[in-house]
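When reading the values below, keep in mind they use all heavy atoms of this one structure, side chains included, and skip hydrogens, waters and symmetry mates. Here, residue 1 is the first one in the sequence, and each next residue gets the next number.
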Amino acid sequence: MTRIRRGYIARRRRTKIRLFTSSFRGAHSRLTRTIIQQRIKALFSAYRDRDRHKRNFRCLWVTRINAAIRENAVSYSYSTLINNLYKRQLLLNRKILAQLAILNRNCLYLISNDMIK
């Protein structure tokens with residue numbers, strides 16, 4: 001019996017996967033089984049790290065705000081600032097507050113001193 005070659009559909013599927021992993025090193029971009037495994041791993045890591053990325057940035061913003069606030073007043077902290085912002089119903093998110101802490105510290109001091117009074 002002669003050998004049957006697979007059709008173009010399977011080849012098209014493999015080349016599509018190969019394009020995804022073309023930048024990977026070694027067998028991860030050459031061998032079909034390894035390519036499939038690496039593609040699954042890469043997509044899973046991208047999904048997982050999207051949330052991790054957001055979490056890391058929020059942590060960075062909190063740290064920046066806290067450092068700037070503690071420079072101004074000794075007994076004042078990040079948690080009391082956020083609590084006072086919620087009480088006054090000021091809609092400033094952590095990203096904006098962190099940018100104020102870096103670029104325009106005087107504005108952040110005005111906001112925090114307004115909260116203390």
Side-chain angles (χ1 to χ4, degrees):
M1 217 174 196
T2 57
R3 178 177 167 268
I4 298 171
R5 293 172 59 205
R6 292 298 302 259
Y8 75 100
I9 294 171
R11 196 176 329 115
R12 194 171 53 185
R13 187 185 73 239
R14 283 190 212 106
T15 52
K16 193 163 42 170
I17 294 171
R18 228 166 234 152
L19 285 172
F20 181 85
T21 59
S22 62
S23 62
F24 294 179
R25 293 181 67 185
H28 297 240
S29 66
R30 291 188 189 93
L31 305 178
T32 305
R33 279 188 188 171
T34 318
I35 284 173
I36 292 168
Q37 290 170 356
Q38 287 307 307
R39 179 173 170 259
I40 292 168
K41 187 175 182 180
L43 290 173
F44 176 77
S45 295
Y47 173 75
R48 180 194 64 218
D49 291 339
R50 274 195 292 274
D51 284 337
R52 191 172 287 173
H53 184 75
K54 294 180 185 92
R55 193 180 314 142
N56 288 343
F57 265 104
R58 185 183 168 108
C59 187
L60 176 69
W61 298 331
V62 167
T63 308
R64 284 178 176 170
I65 297 165
N66 198 18
I69 290 300
R70 284 178 188 269
E71 255 182 34
N72 188 24
V74 178
S75 63
Y76 205 56
S77 67
Y78 165 81
S79 58
T80 52
L81 173 74
I82 295 295
N83 187 21
N84 289 335
L85 283 173
Y86 275 113
K87 281 181 186 172
R88 297 272 179 101
Q89 294 180 345
L90 286 173
L91 300 174
L92 288 171
N93 61 12
R94 286 157 183 83
K95 182 179 178 181
I96 299 298
L97 287 171
Q99 285 179 347
L100 286 174
I102 291 172
L103 301 173
N104 195 353
R105 197 160 278 185
N106 292 333
C107 184
L108 185 69
Y109 290 160
L110 284 173
I111 293 170
S112 63
N113 290 336
D114 221 28
M115 295 293 122
I116 293 172
K117 292 175 186 173

Legend entry - Short side-chain to backbone donor-acceptor contact, Asn93 and Ile96, under 3.5 Å: yes
Legend entry - Hphob cluster co-occupancy, Leu92 + Tyr86, side-chain heavy atoms under 4.5 angstrom: yes
Inset, instruction - Start with the C-alpha gap between Arg88 and Asn84, add the side-chain angles, then the distance that decides, and say whether side-chain hydrogen bond (donor to acceptor under 3.5 Å, both in side chains) holds. - result: CA-CA 6 Å; Arg88 297 272 179 101; Asn84 289 335; over 6 Å; no
Inset, instruction - State, to 0.1 Å, how close Ser29 and Ser22 come at their nearest heavy-atom pair, and which atoms those are. - result: CB-O, 4.2 Å
Legend entry - CG on Leu97 to CG on Asn66, rounded to 0.5 Å: 12.0 Å
Legend entry - Parallel, tilted or perpendicular: rings of Phe57 and Trp61 (30°, 60°): tilted
Legend entry - More than 12 heavy atoms of other groups within 6.0 Å of Leu103 CG: yes
Legend entry - Path from Tyr109 to Leu100 over hydrophobic side-chain contacts below 4.5 Å: no
Inset, instruction - Please answer: with hydrophobic residues joined when any side-chain heavy atoms are less than 4.5 Å apart, are Ile36 and Ile9 in the same cluster? - result: no
Legend entry - Shortest non-hydrogen contact from Ala27 toward Ile35: O-CG1, 4.5 Å
Inset, instruction - Flag the pair Arg94 / Ile82 as yes when at least one side-chain heavy-atom distance between them is below 4.5 Å, and no otherwise. - result: yes
Inset, instruction - Heavy atoms only: give me the nearest Ala98-Ile65 pair and the separation to one decimal. - result: N-CG1, 3.7 Å
Inset, instruction - Please round to the nearest 0.5 Å and tell me the distance separating atom OG1 of Thr21 and atom NZ of Lys41. - result: 14.0 Å
Inset, instruction - List the atom of Arg39, the atom of Ile17, and the distance in Å for their closest heavy-atom pair. - result: CD-CG2, 3.8 Å
Inset, instruction - Determine whether Val62 and Leu81 fall in the same hydrophobic cluster, where Ile, Leu, Val, Met, Phe, Trp and Tyr are linked whenever their side-chain heavy atoms lie under 4.5 Å apart. - result: yes
Inset, instruction - Mark yes when over 12 heavy atoms from residues, nucleotides or ligands other than Arg48 sit less than 6.0 Å from its CZ; otherwise mark no. - result: yes
Inset, instruction - Check the surroundings of atom CZ in Arg12: do more than 12 heavy atoms from other residues, nucleotides or ligands lie under 6.0 Å from it? - result: yes
Inset, instruction - Give a yes or no on whether Arg30 atom CZ has more than 12 heavy-atom contacts from other residues, nucleotides or ligands under 6.0 Å away. - result: no
Inset, instruction - Test Arg18 against Thr32 for side-chain hydrogen bond (donor to acceptor under 3.5 Å, both in side chains), laying out the working first. - result: CA-CA 8 Å; Arg18 228 166 234 152; Thr32 305; 3.0 Å; yes
Legend entry - Close side-chain approach of Phe20 to Gln38, heavy-atom, < 4.5 Å: no
Legend entry - Separation of Leu108 CG from Arg64 CZ (nearest 0.5 Å): 13.0 Å
Legend entry - Stepwise side chain to side chain contact (heavy atoms under 4.5 Å, CB included) test for Thr34 and Phe24: CA-CA 11 Å; Thr34 318; Phe24 294 179; over 6 Å; no
Inset, instruction - For residues Ile69 and Ser112, report the shortest heavy-atom separation together with the two atoms involved. - result: CD1-CB, 3.8 Å
Inset, instruction - Output the distance between atom NZ (Lys54) and atom CG (Asn56), rounded to the nearest 0.5 Å. - result: 11.5 Å
Legend entry - Polar side-chain atom of Thr80 near backbone of Tyr76 as donor-acceptor pair, under 3.5 Å: no
Legend entry - Spatial distance of atom CG (Leu31) from atom NE2 (His28) [nearest 0.5 Å]: 9.0 Å
